[in-house]
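A quick write-up on the structure given underneath.
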Amino acid sequence: MQKRFEKISDTNITRSASKNSALARLNGLWNIFERSDTVLIVISADPDAIASAMALKRLLSYRVQSVVIGYPNEIRRLNNVTMVKRLKIPIERLHTLPVKEYSKKILVDSQPNHLACFEKMSFNAVIDHHPVTTGWDADFIDIRPEYGAVSSMMVEYLRASGIKPSVALATALFYGIKVDTQNFQKQNMQAADSISFRYLFGIANLNLVRKFELTELRRSELRYFRTALNDVKTSKGRAYVHLGKVSSPDILVIIADFFNRVDSFDWVIVSGTHGDKLVVIFRCDGYRKNAGKLAKKSFGRFGPAGGHKEAARAEAPLKNLPLRENKEFTTKVLIRLLTTSAK
Ligand SMILES: [Mn+2]
């Protein structure tokens, strides 16, 4: 796959210094497009993919007739919804687009066999950082599994082209690198990622990035805080609360993490029902305490339960729980299950 790329690039520039190879890649990419092209960029919409698609669109503007970004999956994570809304990123659901009518297609931050709907399409270019897969081909391929984010690769393309990214584009790319490298804590990050990140640092709006990162709640979910604050019961440094029916188990995690900030709470145990399951979230400092063990001990006999020293989770089908006829699960029941079985 690398070979094909070199064939294209070698006609323009010899690869030697890294600057040259960035330029060679840029020219290799540009060479497959014509002015009359209508381009569809396809992504599986996460921050790295969205940012990279924006960068590609910028690289192709004034070089082709039109560029549209399409994605198949619904964007659910609130952080990502916030990113798209606040940066006003024009992306569209794939099923609303006339996919066959575009003259060129590019796949970014994915490979054709990653999703069934990608497999049905043929791509002129594929730019990605996941492990190389086989069984497909494209005119231009740039896959660098050693990179933490495609956004880092796109910064190199932009810099080679001499285009300075707008604040919106830089903010998106900055967030893309942050998410995909888990704030540079992931093994996959490279010097190349930090060079791109450092470059964006001077242009991106960091307040906006913080807002993307912080946004995890819908306004309608604030009511669970009221229940949590009203109903929390404490005993021997343990805080317990059952929140009743929840719209998503994520809110249990958010509230457990919130209570974990309280100095006198050594343990936090938050439960709620979702569908026909009880979900229980455990938090502690993980020092001479083991949340995973407690989860297993107290709920393991009802369903999957376990986790790490500091954070654990249990899920129990309601029908497996020892509830008396027509009795609802409550904070009291939660305390009883934890004090009787876990000792
Ligand atoms: Mn990625």
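What you see is a predicted model, and the numbers here were worked out from it, not measured in a lab. All heavy atoms count here, side chains included; hydrogens, waters and symmetry mates do not.
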Q: Would you kindly confirm whether L173 and L29 end up in one hydrophobic cluster when ILVMFWY residues are joined by side chain heavy atoms under 4.5 Å apart?
A: yes
Q. So if you build clusters from Ile, Leu, Val, Met, Phe, Trp, Tyr with side-chain heavy-atom gaps below 4.5 Å, do I91 and I127 land together?
A. yes
Within the 4.5 Å heavy-atom criterion, are [X] and [Y] side-chain neighbours or not?
| X | Y | answer |
| --- | --- | --- |
| P72 | L115 | yes |
| F118 | V126 | no |
| F140 | N124 | no |
| N80 | V179 | no |

Q | Separation of K245 NZ from E328 CD (nearest 0.5 Å) | A | 7.5 Å
(Q) Could you measure the distance from the OG atom of S298 to the CG atom of L337? Nearest 0.5 Å is fine. (A) 7.5 Å
Report, one line per pair, each donor and acceptor closer than 3.5 Å where one atom sits in a side chain of residues 101-108; sequence neighbours left out.
unit_1	atom_1	unit_2	atom_2	d
S103	OG	D37	OD1	2.7
S103	OG	T38	N	2.8
S103	OG	T38	O	3.3
K104	NZ	I32	O	2.8
K104	NZ	D37	OD1	3.4
K104	NZ	D37	OD2	2.8

Is it true that atom [atom1] of [X] has more than 12 heavy atoms of other residues, nucleotides or ligands lying nearer than 6.0 Å?
| X | atom1 | answer |
| --- | --- | --- |
| H130 | NE2 | yes |
| E119 | CD | yes |
| K289 | NZ | yes |

So, does [X] use its side chain to make a donor-acceptor pair with the main chain of [Y] at under 3.5 Å?
| X | Y | value |
| --- | --- | --- |
| D193 | G148 | yes |
| N320 | F302 | yes |
| N27 | L23 | yes |
| W30 | L59 | yes |
| H274 | P249 | no |

Table please: side-chain donor-acceptor pairs of residues 197-215 below 3.5 Å, with sequence neighbours left out.
unit_1	atom_1	unit_2	atom_2	d
N205	OD1	N207	N	2.9
N205	OD1	L208	N	3.0
E213	OE1	K178	NZ	3.3
E213	OE2	K178	NZ	2.6
T215	OG1	K211	O	2.6

[X]-[Y] side chain donor-acceptor pair, cut-off 3.5 Å:
| X | Y | answer |
| --- | --- | --- |
| T133 | N113 | yes |
| H242 | T330 | no |
| R238 | S235 | no |

(Q) Using the rule given for side chain to side chain contact (heavy atoms under 4.5 Å, CB included), can you reason through I195 versus R159, listing the C-alpha separation, both sets of side-chain angles and the distance that settles it, and then say yes or no? (A) CA-CA 12 Å; I195 291 167; R159 295 183 80 173; 4.1 Å; yes
Q: Might you work through the side chain to side chain donor-acceptor pair (under 3.5 Å) test for D128 and H114, ending with a clear yes or no?
A: CA-CA 11 Å; D128 189 27; H114 283 179; 4.6 Å; no
For [X] versus [Y], what's the shortest heavy-atom pair and its separation?
| X | Y | answer |
| --- | --- | --- |
| S196 | V155 | OG-CB, 3.5 Å |
| L87 | A172 | CD1-CB, 3.8 Å |
| S151 | S52 | N-OG, 3.3 Å |

**Q.** Set of residues satisfying side-chain hydrogen bond (donor to acceptor under 3.5 Å, both in side chains) with respect to K332, sequence neighbours excluded
**A.** none
